Amino acid sequence: MQVILKTPAEQAAMRVAGRLAADCLDMIGEHIQPGMTTGDIDTLCHRYHVEVQDAIPAPLNYRGFPKSVCTSVNHVVCHGIPGEKRLKAGDIVNIDVTVIKDGFHGDSSRMYFVGTPNVQARRLAETCHEALWRGIELVRPGLHLGDLGHAIQTYVEAQGFSVVREYCGHGIGRIFHEDLQILHYGTPGEGLALEAGMIFTIEPMINAGRRHVKLLPDGWTVVTKDHSLSAQWEHMVLVTDAGVEVLTLGREDRMRRGLEVNP
Ligand code: MF3
Ligand code: CO
Ligand code: CO
């Protein structure tokens, strides 16, 4: 496995790409409402990337993916293909955007509520967000990836939810999915030790029911086998000498947390 350490110039380019992904997720949050289709979400994000950001939507034609973003509604775990599906009040939807700017990828996803979700749906989305941040806050040089996965897994399972095993976070840079794999479960002390200059995503997928998933015949859409609700949040992080810099903070996160989590 080749883990790529980013130079300061590459880190700067990834900061720009990460910011564009976050800006698009901020933008689309203003538009989510009952009655719109997942295809409408794709159109708005595609235009924003191309016309406003002068960037390329990385998913489009990536290994044959037909659209510019992934939209994963309710029991869809990830990689939902935007189309005619209409959002209704009470739905939860993950929107996953990846831009390419000056050759570098920015990848992030969030959960959005359509109208008012029920208590379980809200708790699932919030637990997933908290699990992501519990992982982020551990990141520093020397951390073993097993500790990161273990922290996410134990928190999620203590809430009565399950962690999807088949998909993981990944190294990212000029290449969308670099070799480095970030599992969202694990054993303390095991796995690769982090080094300053690594950039990767953390993107836990958690289910209200059992962890098992199924791939639909379209070859992309991943759903929970038991049809329970699923949630995902994704940030792109840089390992720094001081700890971690989150490259995909949205407007609200930037106001709440500031850029350095472990100063
Ligand atoms: N953005 C997804 C990730 O977090 C990957 C989507 S690949 C696609 O890794 F082809 F489905 F777009
Ligand atoms: Co993504
Ligand atoms: Co990703």
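All residue numbers in this chain count up from 1 along the given sequence. Remember, predicted model here, so these are calculated numbers, not experimental data.
Between the side chains of D107 and T98, at least one donor-acceptor pair of N or O atoms lies under 3.5 Å. Judged by distance alone, the side chains of D40 and T37 do bring a donor and an acceptor atom under 3.5 Å apart. For the residue pair T224 / H75, no side-chain donor-acceptor distance below 3.5 Å is found, with atom types taken as modelled.
Taking 4.0 Å as the cut-off between side-chain N and carboxylate O, R110 and D26 count as a salt-bridged pair. Salt-bridge annotation for R15 and E245: present, with a side-chain N of the basic residue lying under 4.0 Å from a carboxylate O of the acidic one. Look at K6 and E178 and you find a salt bridge, because one of the NZ, NE, NH1 or NH2 atoms lies within 4.0 Å of a carboxylate O, short of that distance.
Only one option out of L247, I4, T201 pairs with I172 in a side-chain contact (heavy atoms from CB on, under 4.5 Å); it is T201. Just one residue in the list V237, L238, V3 forms a side-chain contact (heavy atoms from CB on, under 4.5 Å) with F200, and that residue is V237.
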Under the side-chain contact (heavy atoms from CB on, under 4.5 Å) rule, what do V223 and V213 come out as? Steps first, then yes or no, please. CA-CA 6 Å; V223 299; V213 302; over 6 Å; no

Please walk me through it: do I202 and H184 pass side-chain contact (heavy atoms from CB on, under 4.5 Å)? CA-CA 8 Å; I202 308 176; H184 306 109; 4.0 Å; yes

Verify side-chain contact (heavy atoms from CB on, under 4.5 Å) between T7 and E10, making sure each step is shown before the conclusion. CA-CA 5 Å; T7 65; E10 290 168 335; 3.3 Å; yes

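The distance from the NE2 atom of H227 to the CG atom of N207 is 12.0 Å, given to the nearest 0.5 Å. Summarising the geometry, atom OG belonging to S109 is positioned 7.5 Å from atom CG belonging to L25; distances are rounded to the nearest 0.5 Å. With values rounded to the nearest 0.5 angstrom, I92 atom CD1 is found 11.5 Å from L87 atom CG. Taken from CD in E234 to CD1 in I95, the straight-line distance is 13.5 Å, to the nearest 0.5 Å. Atom NE2 of H31 and atom OH of Y112 lie 11.0 Å apart (nearest 0.5 Å). The CE atom of M198 sits 7.5 Å away from the CG atom of L145 when rounded to the nearest 0.5 Å.
Between Q53 and D23, some side-chain heavy-atom pair lies under the 4.5 Å cut-off. In this structure, the side chains of P82 and I41 stay at 4.5 Å or more apart for every pair of heavy atoms.
The distance between the ring centers of F65 and H79 does not fall below 6.0 angstrom.
Within a 6.0 Å radius of CG in N118, more than 12 heavy atoms belonging to other residues, nucleotides or ligands are found. By the 6.0 Å contact criterion, CZ on R47 is open, its count of non-hydrogen atoms from other residues, nucleotides or ligands being 12 or less.
Side-chain atoms of R211 do not come within 3.5 Å of backbone N or O of S162 as any donor-acceptor pair.
Residues passing the side chain to side chain donor-acceptor pair (under 3.5 Å) test with T221 are D218, sequence neighbours excluded. Among residues two or more places apart in sequence or in another chain, the ring-ring contact (aromatic ring centres under 6.0 Å, His included) test is passed with H170 by H177.
The list of salt bridge (Lys or Arg N to Asp or Glu O under 4.0 Å) pairs with a residue in residues 220-229, not counting sequence neighbours, is empty.
Cluster membership check: V164 does not share its hydrophobic cluster with V76, using side-chain heavy-atom separations under 4.5 Å among Ile, Leu, Val, Met, Phe, Trp and Tyr.
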